Protein chains: 2
Amino acid sequence: MALQTSNGSTSIRITEPLCAVFRRQLKAEGQKYTPERAQVLDAIIALDRIFEAEQVIEELRQRQHRVSKATVYRTINLLQDAGIIQRVLTEGDQAQYQLAYGESPSDTLVRLDTREVVDIDVPELAAIAERVCKDLGLRPQGHKLQIFAVAPNDS
Amino acid sequence: MALQTSNGSTSIRITEPLCAVFRRQLKAEGQKYTPERAQVLDAIIALDRIFEAEQVIEELRQRQHRVSKATVYRTINLLQDAGIIQRVLTEGDQAQYQLAYGESPSDTLVRLDTREVVDIDVPELAAIAERVCKDLGLRPQGHKLQIFAVAPNDS
DNA sequence: GTCGGTGCAAATGCTTTGCATTGAT
DNA sequence: ATCAATGCAAAGCATTTGCACCGAC
């Protein structure tokens with residue numbers, strides 16, 4: 001499960017399933033919650049990690065769900081618009097995303113060995129960002145932190 | 001100038017020009033330091049910010065240097081291998097790079113309006129990364145912070 | 001019956017590569 | 001002379017798009 005907190009403080013409340021959120025957001029835009037879109041979201045939730053479009057397509061294949069590549073890409077963009085997933089910063093060539101709904105998605109810990117991603121809470125970062133901007137006479141517009149780590153017993 | 005230090009401690013020494021570094025690294029691999037490669041590196045140094053391949057090509061055009069697109073891409077890869085530039089984490093579609101030789105390029109401020117990038121120093125981040133990893137029983141492997149900002153008078 | 005959605009295939013845009021030519025030691 | 005580098009054009013690859021068909025209200 002992607003949702004989790006650190007240091008005991010429960011900063012996340014699960015109020016409703018993501019599919020309900022997605023349906024509501026689509027309705028708000030006059031768009032439809034189709035079976036294909038539901039299947040894409042389900043596949044993404046099942047992946048439960050940073051994912052690329054190709055992995056979603058593969059997951060759908062394994063589930064015997066016939067969703068075209070084009071629809072997967074289109075749905076990924078819709079999910080982004082809805083704030084349910086978001087692109088993560090990457091060095092690679094392909095876009096990567098993670099579930100983001102309901103959390104402050106700016107700070108994550110990435111396990112280089114397993115590719116797992118954990119959202120972390122770094123309360124001091126907002127202040128740091130503001131301080132840095134102030135020093136430079138700029139207006140802060142957010143930040144992204146990725147901390148990289150591996151299992152302690154590796155090589 | 002991209003090289004900079006913070007809080008008084010000189011962690012970076014400029015021992016030799018980057019072109020000399022490049023030449024040495026190429027020699028070590030049995031490769032050649034050609035005029036085209038020198039021009040690409042010069043253009044990158046002149047850009048002095050996070051750059052995309054297309055910007056290098058444009059800079060070379062303005063300098064009336066005839067270097068083919070293919071050579072620019074090939075040279076960018078060589079510079080990466082040599083550790084002189086490195087890819088930065090991005091949300092965009094195109095690869096972006098920055099000069100990396102001799103610095104720890106992990107913390108940057110990105111101006112969303114001008115795309116300028118400033119290396120910043122956030123000394124507390126190392127401790128934060130270690131604390132977070134410790135909480136999760138993992139071994140830290142570095143971090144990347146990007147702070148986003150715009151001019152204060154915007155909209 | 002009107003819209004939006006889907007699938008397919010074609011288009012797009014960044015990047016890489018094959019190949020003939022060129023250049024340096 | 002040899003061996004690698006260059007430039008060009010073509011190929012590759014992830015992603016987007018045009019279009020005809022389909023399905024839901």
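Numbers restart at 1 for each chain; the letters A, B, ... are given by sequence-line order, proteins then strands. Values below: all heavy atoms of this structure, side chains included; hydrogens, waters and symmetry mates excluded. Model, not experiment: these values are computed from the prediction.
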Check: Separation of Ile76(B) atom CD1 from dT16(C) atom C1', in whole Å?
Finding: 13 Å

Check: With distance as the sole criterion, is a donor-acceptor pair present between the side chains of Glu59(B) and Gln55(B) under 3.5 Å?
Finding: no

Check: When the nearest nucleotide of DNA chain D is assigned to Thr75(B) and to Glu54(A) on a heavy-atom basis, which residue is associated with the more 5' position?
Finding: Thr75(B)

Note to self: Would you say Arg37(B) places a side-chain N or O within less than 4.0 Å of OP1 or OP2 belonging to dA5(D)?
What the structure shows: yes

Notebook entry, point to check: How long is the line joining CD of Gln96(B) and P of dC14(C), in whole Å?
Noted result: 13 Å

Note to self: Can you tell me if Ser68(B) touches the phosphate of dT6(D), counting only side-chain N or O atoms and a distance under 4.0 Å to OP1 or OP2?
What the structure shows: no

Notebook entry, point to check: Among dT15(D), dA5(D), dA9(C), which is the nearest nucleotide to the side chain of Gln31(B)?
Noted result: dA5(D)

Notebook entry, point to check: Can you tell me if the side-chain N/O atoms of Thr34(B) get under 4.0 Å from OP1 or OP2 in dA5(D)?
Noted result: no

Note to self: Tell me whether Thr71(A) contacts the main-chain N or O of Val67(A) through its side chain, where contact means a donor paired with an acceptor under 3.5 Å.
What the structure shows: no

Check: Separation of Leu78(B) atom CG from dT15(C) atom P, in whole Å?
Finding: 16 Å

Check: What is the distance, rounded to the nearest whole Å, between atom NZ of Lys69(B) and atom P of dC8(D)?
Finding: 11 Å

Next item on the list: Measure from CG on Leu26(A) to C1' on dA24(D) and round the result to the nearest Å.
Entry: 15 Å

Checklist line | Contacts of type side-chain hydrogen bond (donor to acceptor under 3.5 Å, both in side chains), residue Arg131(A), not counting sequence neighbours | finding: Glu124(B)

Next item on the list: Could you work out which one of dC8(C), dT16(C), dA5(D) sits closest to the side chain of Asn77(B)?
Entry: dT16(C)

Note to self: For a quick check under 3.5 Å, do His143(B) and Asp107(B) share a side-chain donor-acceptor pair by atom type?
What the structure shows: yes

Next item on the list: State which of dT16(C), dG5(C), dG23(C) makes the closest approach to the side chain of Lys32(B).
Entry: dG23(C)

Notebook entry, point to check: Reckon Tyr73(B) has a side-chain N or O less than 4.0 Å from the OP1 or OP2 of dT16(C)?
Noted result: no

Next item on the list: Mind checking side-chain hydrogen bond (donor to acceptor under 3.5 Å, both in side chains) for Gln39(A) and listing every partner two or more places apart, or none if nothing turns up?
Entry: none

Next item on the list: Please state how far atom CD1 in Ile57(A) lies from atom P in dC8(C), giving the value in whole angstrom units.
Entry: 12 Å

Next item on the list: Measure the distance from CZ on Arg74(B) to P on dC8(D) and round it to the nearest whole Å.
Entry: 11 Å

Next item on the list: Nearest whole angstrom, please: distance from the P of dT15(C) to the CD of Gln55(B).
Entry: 11 Å

